Peer 1: 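Below is the structure I would like to discuss, written out as C-alpha cells.
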Amino acid sequence: MEKIKVLFAASECVPFIKTGGLADVAGSLPKYFNSEKYDVRVMMPKYTCIRNEYREKMEYVTHFYTDFCSRNQYVGIFRLDLDGVRFYFLDSEFYFSGSWPYGSPCDDIEKFAFFSRMVLSALPLIDWKPDILHCHDWQTGLVPVYLNDSFQGNRFFHYMKTVITIHNLKFQGVWDIPTVMEKTGLSPYYFTPDKLEAYNAGNMLKGGLVYADRITTVSDTYAKEIQTPFYGEGLDGLMRARADKLVGIVNGIDTTFYNPGNDKDIAAPYGIGDALEKKKQNKLALQKELGLKQDPDAFVLGVVSRLTDQKGFDLVDCVMNQICSLPNIQFVILGTGEKRYENMFRYYASLYPDRVSAQIYYSEAMSHRIYASTDAFLMPSLFEPCGLSQLMALRYGSLPIVRETGGLKDTVEPYNEFTKEGTGFSFANYNAHEMLAIITYAKHIYEENRKDWDDMVIRAMKQDFSWEASARKYEALYDELMEEKLIEQTPADI
Ligand code: ADP
Ligand code: GLC
C-alpha cells in the first residue's frame, strides 16, 4: 500500500532554529509516525541564522525564480535527512537573512506570505507529492488559501488536503487590508468577513482557519477554551462555527532528548531509581554555578520561559516580595522576552542576591539544568495552549505549580493529600494571592510531608509524555482526510 504523504510547513523547527514550543513540535513529532504507513516531511525557511553546522550539511535540490511583491525572486530548495526525517529548506536571502527568524510585524506579513506561497510553488519540483499539507500557526496560514486560489489551475494540487494546527491563537498575522492585499497578492475577493477580514483588518491565520480541511490545537482544554470570548482572541465565533472540524491533540516531548538518564548538560544524570539522591547533587551544582547558597534542603523554584504577558509574570511581580520572604526558598529563572519582565527579574535578583538568580538569556543546556535541579517549576500562565516546559519539568521530577488553563490543566494532576494522587500543584483563578497560597502549600508539603513529595517526584517522572499516543491521533486524522479525498475524487482523477 502506498504511504500517506504529509508535509509539515513551519516557520521554526528543532534542531535548526527555535524560539518557542512550535519548533519542538515541528521537529520532534514527525519522528513518531508509523513510518510503514506515513511519510512525514518538513519544509521551513533556510534562515541565515541557522547554525553553520546544519547549513553546511544541506544538500542543494534545485532552484526557481518567481514574481512576488513586484520583485523577481530567487528561491532555492535544499534538503537534509536527520533521524529518519527529510527536511526541506527554502532559500531566499532577501527574506530569510538576519540574526533572528522574526522581524517587524509588517515585514513578517510579507516574509511568511512569501514562504507560504513558495511551499506550494516548490512542491512540483521535489519529486514528491504530499497528500496532506499540515500547517502550523499564522506564518503558514496562507498555505490553504493560496492552494484554493491560483494553484487550482494545476492538476498537481487537486484534492490536496490541509490541516492547520493552532499553537497560539494570540498571534494571527494581522495588518491593514490594503497592505495585506498588496503583500500577499490576494485579490479583494478574499478580504470579506467570511474569509481573511476580521475587525477591518487582514488576518493571515483566519485565512488558514477558514480554508483548512481540519483545525487542530495542542490540548483538549485549549480547543474548548478558544471557543469562548476570553480565550478566543476575537476569533471565538469562527472557532465555534468550525467546531466540527476542530480537535485538540496534546503535545508530547522528545523523550530521548529530554532524558535525565543520559543528559550531558546536567551534573548528575539519574533515573527513577536514584532520582531523589541525584536531584540533590544537581541542586547543589546549580546553586554553586549560579552563586546561590548551597543548601540541599532549600526549596528551589524554577522558571524557564519566554517572558511575555501570556506566562503570568505580572502575578509573580505582585507577590515576589512575599515569595522571597518565605524561609529557605530559592528562585531560579531563565528567560528572555519583554524588557519589563527581564528587568523585573534582574531587580529581584539584585534585591535578594542569595535567593533569586535571574538568567536573562537563551540556553538549552541551562534549561536542562534547571529542570533537573529544581524542586518545583512555576508556570502561572494566563493562557497556555499546551505548554512543553511543564512536561519537561515532570520528566525531570521537578513538580509543576501551574494555573489550571489549556494544556497545563490537561497534563498536571493536582496533589491530593487525602488520596495521595497527583503530579504537581495548581490554582484556578488568575490571582496573585491564589498563586502565592499554592506555592506556600507546595513548600509546606516539601518540608513537612517529604514522603508524599518524593512519591510524587517518582510519579511525575513515570508519566508518559512521549509523542506515541498523540502521533496515533494525528494518524487517525490523516486517515480521515484520505477517506474524504477518495470520496471526492472522480475515477478519472485516481
Ligand atoms: P512557548 O512555546 O509558549 O514558549 P512551551 O512551554 O510550549 O512555551 O515551550 C517553551 C520551550 O522553550 C521549552 O522547550 C523551553 O524549555 C524553551 N525555552 C523557553 N525559554 C528558554 C530559554 N531562555 N532558554 C532555553 N530554553 C527556553
Ligand atoms: C505555543 C504555545 C505553547 C505550546 C507551543 C507548542 O508556543 O504557547 O503552549 O506548547 O506553542 O505547541
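Counting starts at 1 for both ligands and their atoms, following the listed order. Just so you know, these numbers come straight off a predicted model, no measurement behind them.
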Peer 1: Evaluating non-hydrogen atoms only, which member of I360, D24, V14 is closest to atom 11 (C) of ligand 1?
Peer 2: D24
Peer 1: Regarding E421 and R459, does a basic nitrogen lie under 4.0 Å from an acidic carboxylate oxygen?
Peer 2: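 Looking at R459 together with E421, the answer is no, because their closest N to O distance does not fall below 4.0 Å.
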Peer 1: Quick test of your reading of the structure: of I253, V218, N251, whose heavy atom lies closest to atom 6 (C) of ligand 2?
Peer 2: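 Result: the heavy atom closest to atom 6 (C) of ligand 2 is in N251.
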Peer 1: Run the salt-bridge test on D131 and K161 with the 4.0 Å N-O cut-off and return the result as yes or no.
Peer 2: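 Here D131 does not pair with K161 in a salt bridge, since their nearest N and O are not under 4.0 Å apart.
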Peer 1: Roughly how far, to the nearest 0.5 Å, is CD1 of I360 from NZ of K339?
Peer 2: 9.5 Å
Peer 1: State if K311 counts as touching ligand 1 under the rule of any non-hydrogen atom under 4.0 Å.
Peer 2: yes
Peer 1: Of all the non-hydrogen atoms in the protein, which one sits nearest to atom 7 (O) of ligand 1, and at what distance?
Peer 2: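 Going atom by atom, the protein heavy atom closest to atom 7 (O) of ligand 1 ends up being L388 N, 3.2 Å.
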Peer 1: For the 3.5 Å polar cut-off, considering only N or O atoms, please tell me whether M379 and ligand 1 meet it.
Peer 2: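 No, M379 has no N/O under 3.5 Å of an N/O on ligand 1.
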Peer 1: Tell me whether K18 reaches ligand 1 (any heavy atom closer than 4.0 angstrom to a ligand atom).
Peer 2: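 Heavy atoms of K18 do come under 4.0 Å of ligand 1.
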Peer 1: Can you tell which of R306, M379, H136 gets a heavy atom nearest to atom 7 (O) of ligand 2?
Peer 2: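 Shortest heavy-atom distance from atom 7 (O) of ligand 2: R306.
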Peer 1: Considering Y362, Y258, F383, which one's heavy-atom position lies nearest to atom 22 (C) of ligand 1?
Peer 2: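 Looking at heavy atoms only, Y362 sits closest to atom 22 (C) of ligand 1.
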Peer 1: Within ligand 1, which atoms have a heavy atom of G387 less than 4.0 Å away?
Peer 2: 6 (O), 7 (O)
Peer 1: Name the closest protein heavy atom to atom 16 (O) of ligand 1, giving the residue it belongs to and the distance to 0.1 Å.
Peer 2: Y371 OH, 2.7 Å
Peer 1: For atom 24 (N) of ligand 1, what's the nearest protein heavy-atom neighbour? Residue, atom name and distance, please.
Peer 2: S363 N, 3.1 Å
Peer 1: Between D81 and R86, does any side-chain N to carboxylate O distance fall below 4.0 Å?
Peer 2: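 Salt bridge present between D81 and R86.
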Peer 1: Do me a favour and list the nearest non-hydrogen protein atom to atom 12 (O) of ligand 2 with residue, atom name and distance?
Peer 2: H167 ND1, 2.6 Å
Peer 1: Taking it one step at a time, do Y341 and D309 satisfy side chain to side chain donor-acceptor pair (under 3.5 Å)?
Peer 2: CA-CA 9 Å; Y341 293 125; D309 281 341; 2.6 Å; yes
Peer 1: Determine, for K183 against E110, whether the closest basic-nitrogen to carboxylate-oxygen distance falls under 4.0 angstrom.
Peer 2: yes
Peer 1: Would you mind running through ligand 1 and noting each atom that sits below 4.0 Å from a heavy atom of G21?
Peer 2: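 What qualifies from ligand 1 is 1 (P), 2 (O), 7 (O), 9 (O), 10 (C).
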Peer 1: Under a 4.0 angstrom heavy-atom cut-off, which atoms of ligand 1 come close to G20?
Peer 2: 2 (O)
Peer 1: Among all the protein's non-hydrogen atoms, which is closest to atom 13 (C) of ligand 1, and how far away is it?
Peer 2: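 Minimum-distance protein heavy atom for atom 13 (C) of ligand 1 reads S389 OG, 3.7 Å.
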Peer 1: Could you please spell out the steps behind the salt bridge (charged side-chain N to carboxylate O under 4.0 Å, His left out) verdict for R403 and E384?
Peer 2: CA-CA 9 Å; R403 190 172 94 81; E384 196 60 72; over 6 Å; no
Peer 1: Looking at E475 and K37, is there a salt bridge between them, counting it only when a charged N and a carboxylate O are closer than 4.0 Å?
Peer 2: no
Peer 1: Flag C386 as yes when one of its N or O atoms lies below 3.5 Å from any N or O atom of ligand 2, and as no otherwise.
Peer 2: yes
Peer 1: From atom 8 (O) of ligand 2, work out which of E12, Q310, Q390, K170 has a heavy atom at the shortest distance.
Peer 2: Q310
Peer 1: Based purely on interatomic distance, does E384 place a nitrogen or oxygen under 3.5 Å from a nitrogen or oxygen of ligand 2?
Peer 2: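 Yes, there is a polar N/O contact under 3.5 Å.
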Peer 1: Do D39 and K5 meet the salt-bridge criterion of a basic N to acidic O distance under 4.0 Å?
Peer 2: no
Peer 1: Please confirm whether C386 comes under 4.0 Å of ligand 1, counting heavy atoms of the residue only.
Peer 2: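 False for this residue.
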Peer 1: Do any nitrogen or oxygen atoms of E364 come within less than 3.5 Å of a nitrogen or oxygen of ligand 1?
Peer 2: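 No.
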Peer 1: Numbering the atoms of ligand 2 from 1, which are under 4.0 Å from a heavy atom of V25?
Peer 2: 6 (C), 12 (O)
Peer 1: Of the side chain and backbone of S305, name the one, both, or neither that has a heavy atom under 4.0 Å from an atom of ligand 1.
Peer 2: backbone
Peer 1: Only heavy atoms of R306, strictly under 4.0 Å: list the atoms of ligand 1 that pass.
Peer 2: 1 (P), 3 (O), 4 (O), 20 (N)
Peer 1: Heavy atoms only, cut-off 4.0 Å: how does M392 contact ligand 1, side chain, backbone, both, or neither?
Peer 2: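 The answer is the side chain.
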Peer 1: For atom 10 (O) of ligand 2, which candidate among G21, G387, S219 provides the closest heavy atom?
Peer 2: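 Answer by nearest heavy atom: G387.
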